[in-house]
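Throughout, a chain's letter reflects where its sequence line sits, starting with A, and its residues are numbered from 1.
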Amino acid sequence: MSSTFLPVEEQLAVIRRGTVEIIPEEELKSKLEKSRQSGKPLRIKLGCDPTRPDLHLGHSVILRKLRQFQDLGHHAILIIGDFTTLIGDPTGQNKTRPALTPEEIKKNGESYFKQASKILDAEKTEIVYNSEWLGTMGFADVIKLAGHMTVARMLERDDFSKRYTNNEPISLHEFLYPLAQGQDSVHLKSDVELGGTDQKFNLLVGRQLQKDVGQAPQICLMMPLLVGTDGTQKMSKSYDNYIGIDENPNDMYGKSLSIPDDLIYTYFELLTDVATEELPKLAEKAKQDPRNAKHDLAFTITKMYHGEEAANAAREHFEKTIINKGIPDDMPEHKLNVGEEYQLIPLIKDIGFAPSNGEARRLVQQGGVSLNGETITDTNFMFSIHTGDELVLKVGKRKFIKLIG
RNA sequence: GGGGAGAUUCCAGAGCGGCCAAAUGGGGCAGACUGUAAAUCUGUUGUCUUUCGACUUCGCAGGUUCGAAUCCUGCUCUCCCCA
């Protein structure tokens, strides 16, 4: 096993793909060389925050990088940040987040890992919970740890300095987060820590703490923050510009298509396994023929998570419903009682296509609702169904349901 | 410890004691258009109600008033300045 490491330059080529910065790259090189000689894999650390259990393609960028390290034969460690979560989220500003119970955190952590397993080699991933070592530290330990950092350095951090100049509150304990994360690196003796560019500060703190205690400092590897489907902000659930890993094939395909054209290349580079040598060609195609390039992208992404068959189906579904404004082959069904008079508006709400009757009414008034292809604008519309009937209710552009008698 | 400013609907941010469910922008949703769920344009955006209207909402709790997001009192939280 130990002698199967690729030559260092080849490893570096894989590692470099998509990275923004490797600090310091020379040191990584020598670590790789040593590892290759000794046959000892590098310890690659990635921390995750189990507050939000829904992973999207933005997370996948970094998880894929971890996977690449795995494929190169290195040891992946996934830290579930249960301890840090238990205390609260540092970037939560003044929102008092309801502290999650340990059970919830555990559950989220498991759900996180389950989703991450679609990308990682789960068998070869070491999962650790940082409460294990952070939770046993005493106050004196914490103060000692805090002594490694100065306020001035803390305020260098981008989000802190922004909040500070914007007169937004910063709680003292938030300063401890980078230290806690750094302590993880010390505890795990990590060789490399992965993170988004927004993690640069935290990763460097880990590096410094390791140095301070006489460990070989970790390499910090930063991946770009994936820009979301809106083309401007980073992909995030709260901006609603995300494509979820667990998302159904149709949504995944459709959302992938909605990205701005100039993101096509980036998505191929960061989210797919398309060979690195192919990327320049794809960049060219994205310019010449963005429509097809984007369909290729959407297909590739959907295929990665759902398989080829589902990806094909998703493409057909998209063409049928969005391009040709038809109705899809498959849609959920909803049984209605034969002979009963149904009011359209409450029905839309009951099905869950609108959160309130008022919203449902608005949809009807604005021409967003059709029954069997006929747009219905009468807010009083009532109908009943017969045995064996199938009525297709369409709400908005892409919500379909088959009403059956 | 002292002084000052502030807390408004998803976010930002207006708001004269009645015409405020609350300007404006962003976001969301819908329609048109489009290769796209992009861009652009239009409409819409508390809940219930076909309409009229009713109800809940402007940090929390009380109070003044025929009537309060707007006035008063207390509380909680945040920011700034000084120490």
Side-chain angles (χ1 to χ4, degrees), chain A residues 56-57 88 91-97 160 162-172 174 227-244 247-267 285-302 314-326 328 341-350 352-370 374-382 393-400:
Chain A
H56 52 62
L57 293 185
T91 51
Q93 291 189 16
N94 49 7
K95 283 167 201 154
T96 29
R97 206 174 280 267
F160 281 149
K162 260 187 205 144
R163 282 163 65 191
Y164 191 64
T165 45
N166 288 342
N167 295 340
E168 282 164 18
I170 301 172
S171 289
L172 196 53
E174 297 182 45
V227 175
T229 54
D230 59 357
T232 51
Q233 285 175 297
K234 71 166 182 177
M235 186 175 281
S236 157
K237 206 176 177 192
S238 40
Y239 298 143
D240 198 28
N241 61 356
Y242 70 98
I243 303 173
E247 202 125 23
N248 71 60
N250 292 339
D251 286 345
M252 198 175 250
Y253 194 94
K255 283 185 177 184
S256 299
L257 272 188
S258 76
I259 64 168
D261 292 353
D262 53 13
L263 233 50
I264 297 174
Y265 175 83
T266 312
Y267 271 44
K285 182 168 184 188
K287 264 189 208 142
Q288 302 301 324
D289 185 7
R291 193 192 95 89
N292 282 319
K294 208 183 285 184
H295 274 274
D296 287 349
L297 173 69
F299 181 83
T300 306
I301 290 175
T302 310
R315 173 153 58 193
E316 276 170 37
H317 177 269
F318 187 85
E319 278 166 7
K320 204 172 256 182
T321 58
I322 303 297
I323 298 181
N324 300 320
K325 301 189 187 213
E341 283 276 302
Y342 284 95
Q343 265 196 299
L344 184 60
I345 285 176
L347 181 68
I348 290 171
K349 182 192 152 202
D350 291 341
F353 280 180
S356 68
N357 285 337
E359 181 74 37
R361 182 167 302 111
R362 250 173 256 131
L363 286 165
V364 171
Q365 283 165 348
Q366 297 187 121
V369 176
S370 72
E374 249 182 82
T375 303
I376 293 177
T377 46
D378 175 10
T379 50
N380 290 316
F381 188 81
M382 295 182 75
L393 175 66
K394 179 185 180 192
V395 175
K397 261 189 204 81
R398 48 207 139 88
K399 286 183 211 146
F400 295 91

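As judged by a 4.0 angstrom heavy-atom cut-off over every strand, A:Glu359 is placed among residues touching the sugar-phosphate backbone only. Using a 4.0 Å heavy-atom cutoff across all strands shown, A:Asp261 reaches at least one base atom of the nucleic acid. At a threshold of 4.0 angstrom between heavy atoms, the contacts of A:Tyr239 with the nucleic acid are absent. Nucleic acid contact class of A:Asn241 (heavy atoms, under 4.0 Å, all strands): none. Counting any heavy atom pair closer than 4.0 Å across all strands shown, A:Gly396 reaches sugar-phosphate atoms only and no base atom.
Checking the phosphate oxygens (OP1, OP2) of B:G46, no side-chain nitrogen or oxygen of A:Ser356 falls inside 4.0 Å. One finds a side-chain N or O of A:Lys397 lying less than 4.0 angstrom from the OP1 or OP2 phosphate oxygen of B:G31. A:Asn292 has no side-chain polar atom (N or O) that falls below the 4.0 Å cut-off from OP1 or OP2 of B:G35.
Residue side chain A:Arg362 does not reach the base of B:A30 through any donor-acceptor N/O pair under 3.5 Å, judged by distance alone. For a distance-only test at 3.5 Å, the side chain of A:Gln366 qualifies as a donor-acceptor partner of the base of B:G43.
When the nucleotides B:U50, B:A38, B:C29 are ranked by their closest atom to the side chain of A:Leu363, B:C29 comes out on top. In the set B:A37, B:U50, B:U78, B:A37 carries the atom at the smallest distance from any side-chain atom of A:Asp251.
The distance between atom CG of A:Leu263 and atom C1' of B:U36, rounded to the nearest whole Å, is 14 Å. A:Lys255 places its NZ atom 12 Å from the P atom of B:G28, with the value rounded to the nearest Å.
Side-chain atoms of A:His56 and A:Lys255, non-hydrogen and from C-beta on, never get closer than 4.5 Å to each other. In this structure, the side chains of A:Phe381 and A:Val364 stay at 4.5 Å or more apart for every pair of heavy atoms.
Using C1' as the reference atom, B:A30 and B:U65 are 44 Å apart when rounded to the nearest Å. For the C1' atoms, the distance linking B:C33 with B:U24 amounts to 27 Å, nearest Å. With C1' as the reference atom, B:C80 and B:U73 are 25 Å apart, rounded to whole Å.
Judged by Watson-Crick or G-U wobble contacts below 3.5 Å, the nucleotide B:C79 has B:G4 as its partner. Both distances falling under 3.5 Å, in either a Watson-Crick or a G-U wobble arrangement, place B:A61 opposite B:U73. Base pairing annotation: B:C41 forms a Watson-Crick or G-U wobble pair with B:G31, both donor-acceptor distances under 3.5 Å.
Here the shortest heavy-atom pairing between A:Phe299 and A:Tyr253 reads N-CE1, 3.6 Å.
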